[in-house]
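Here is the structure we will look at, set down as structure tokens.
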Amino acid sequence: GQITIIVADFWQGMFSLVVFFGIVTFLWFTFSWTTLSETLALASKPGVSFINPLDIGEAEDFNYFFFLVGGFFTLYTYMSWQGNQGYYCSASTPHEAKMAKIVGGFRGGMITLGLTLIPLAALAIMFHPDYHDIAVSVTHQLNVAYPDNESLRTQMTVPVALSHVLPMGLIGGFTAAMLAFFISTNNTYLHSWGSILVQDVIMPLRKKPLTASQHIRYLRFSIFGVAIFIFFFGLYFPLEDYIYMFLTITGAIYT
């Protein structure tokens with residue numbers, strides 16, 4: 001199972017690296033730094049600044065405490081997040097483990113750069129006078145699609161704005177990359193959390209060790225149970241908060 005995940009995630013990483021390189025290159029030459037700087041100033045307001053990190057005291061969600069907690073988690077959970085435990089144990093030598101961490105950083109850096117430029121471009125579309133006509137169109141589209149849900153209108157602003165700027169090939173690539181992220185995240189978490197339930201909950205409670213065939217059978221049932229939980233949780237849980245805030249809270253539960 002872990003070999004299957006590593007192979008699938010390798011191709012996801014290679015594909016997403018190419019897609020985000022294309023998106024970053026396009027946005028880099030489409031939006032000037034002057035435009036983005038003016039946008040950050042236009043979008044800021046007292047107490048909720050996009051420029052001054054010391055002027056975010058009135059932010060409801062992403063305030064000082066949020067970033068302090070995020071910094072603490074970055075240090076405290078380094079190389080210990082159990083969603084990645086299978087990867088940490090898969091290298092054949094210590095050297096390969098180190099090189100995997102270095103090479104994997106290139107993919108993470110490109111995606112982080114893309115996920116920084118994309119919302120900056122969306123902000124420029126929504127706030128800069130040069131893109132006023134597109135902003136009106138985006139606002140209308142959001143109001144029609146989500147007339148009674150302010151939370152979804154906020155969450156969907158960036159992807160809808162992006163659809164008005166990116167050319168057709170990059171829109172398809174971005175959509176395919178999101179699907180690849182979805183697949184690689186779920187296959188890893190199904191395998192990881194299913195394994196954790198067996199290793200950390202079931203096995204310590206047993207007086208008699210599991211045989212190899214029992215272990216595999218327990219793992220299969222556990223992974224299937226995680227899949228059922230994910231399906232019904234996603235079906236019935238109304239996600240009203242920011243997605244990143246949701247990820248931070250659920251990650252904190254594990255921590």
Side-chain angles (χ1 to χ4, degrees), residues 1-16 65-66 68-108 111-112 177-255:
Q2 184 62 25
I3 293 173
T4 303
I5 289 169
I6 289 175
V7 172
D9 288 9
F10 166 79
W11 288 111
Q12 177 266 103
M14 294 297 293
F15 176 72
S16 61
F65 185 69
F66 174 86
L68 288 173
V69 171
F72 171 77
F73 279 178
T74 300
L75 297 173
Y76 185 71
T77 64
Y78 183 74
M79 295 289 286
S80 65
W81 174 250
Q82 286 198 253
N84 292 334
Q85 46 82 24
Y87 298 107
Y88 299 148
C89 301
S90 296
S92 57
T93 65
H95 175 73
E96 285 194 5
K98 292 180 180 179
M99 291 306 299
K101 192 73 175 174
I102 293 170
V103 174
F106 291 117
R107 167 188 167 274
I111 292 174
T112 300
M178 291 300 106
L179 178 61
F181 290 150
F182 170 82
I183 293 171
S184 67
T185 299
N186 279 280
N187 68 11
T188 301
Y189 277 18
L190 286 170
H191 191 270
S192 179
W193 297 116
S195 302
I196 289 167
L197 177 65
V198 175
Q199 296 291 126
D200 295 350
V201 179
I202 295 175
M203 290 181 66
L205 295 176
R206 288 179 55 89
K207 295 182 178 179
K208 185 178 180 182
L210 292 170
T211 65
S213 60
Q214 286 177 321
H215 204 156
I216 291 294
R217 192 180 309 116
Y218 274 57
L219 280 172
R220 287 172 175 168
F221 283 128
S222 177
I223 291 170
F224 185 65
V226 174
I228 293 174
F229 173 80
I230 290 173
F231 176 80
F232 283 103
F233 185 85
L235 194 63
Y236 292 111
F237 183 81
L239 188 58
E240 298 292 341
D241 207 340
Y242 291 109
I243 294 173
Y244 195 77
M245 185 67 73
F246 172 81
L247 293 175
T248 301
I249 293 171
T250 53
I253 292 172
Y254 155 73
T255 303

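What you see is a predicted model; the values in this text were computed from it and never measured. Every heavy atom of this structure was used, including side-chain atoms; hydrogens, water molecules and symmetry mates were not.
Considering all non-hydrogen atoms of both residues, Leu219 and Gly194 come closest at CD2-O, 4.2 Å. Here the closest heavy-atom approach between residue Arg107 and residue Ser16 is recorded as NE-OG, 3.8 Å. Contact between Gly70 and Thr74 at its shortest, heavy atoms only, is O-OG1, 2.8 Å. When all heavy atoms are compared, the tightest approach of Gln2 to Ser90 is CG-OG, 3.5 Å.
To the nearest 0.5 Å, the span separating CD1 on Ile228 from CD1 on Ile223 amounts to 12.5 Å. Rounding to the nearest 0.5 angstrom, the gap separating the CH2 atom in Trp11 from the CD1 atom in Ile183 is 15.0 Å. The OG atom of Ser222 sits 6.0 Å away from atom CD1 of Ile202, with the distance rounded to the nearest 0.5 Å. How far CG of Leu190 is from CD1 of Ile230: 4.5 Å, rounded to the nearest 0.5 Å. Distance check: Lys207 NZ to Leu205 CG gives 11.0 Å after rounding to the nearest 0.5 Å. Phe66 contributes atom CZ, which lies 11.0 Å from atom OH of Tyr242 (distance to the nearest 0.5 angstrom).
Other residues, nucleotides and ligands contribute only 12 or fewer heavy atoms inside 6.0 Å of the NZ atom of Lys98. Taking a 6.0 Å sphere around CZ of Phe182, one finds it holds 12 or fewer heavy atoms contributed by other residues, nucleotides or ligands. Around the CZ atom of Phe233, the shell of radius 6.0 Å holds more than 12 heavy atoms that belong to other residues, nucleotides or ligands.
Contacts of Phe221 classified as ring-ring contact (aromatic ring centres under 6.0 Å, His included), with partners at least two apart in sequence or in another chain: none.
Side-chain contact between His215 and Val198 is present, with heavy atoms from C-beta onward closer than 4.5 Å. Using a 4.5 Å cut-off on side-chain heavy atoms (C-beta onward), Gln214 and Arg217 make contact. No side-chain heavy atom of Met203 sits under 4.5 Å from any side-chain heavy atom of Tyr218.
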Pair Asp9-Asn187, side chain to side chain contact (heavy atoms under 4.5 Å, CB included): steps then yes or no: CA-CA 9 Å; Asp9 288 9; Asn187 68 11; 3.5 Å; yes
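Classified by interplanar angle (parallel below 30°, tilted 30° to 60°, perpendicular above 60°), the ring pair Tyr189/Trp193 is perpendicular.
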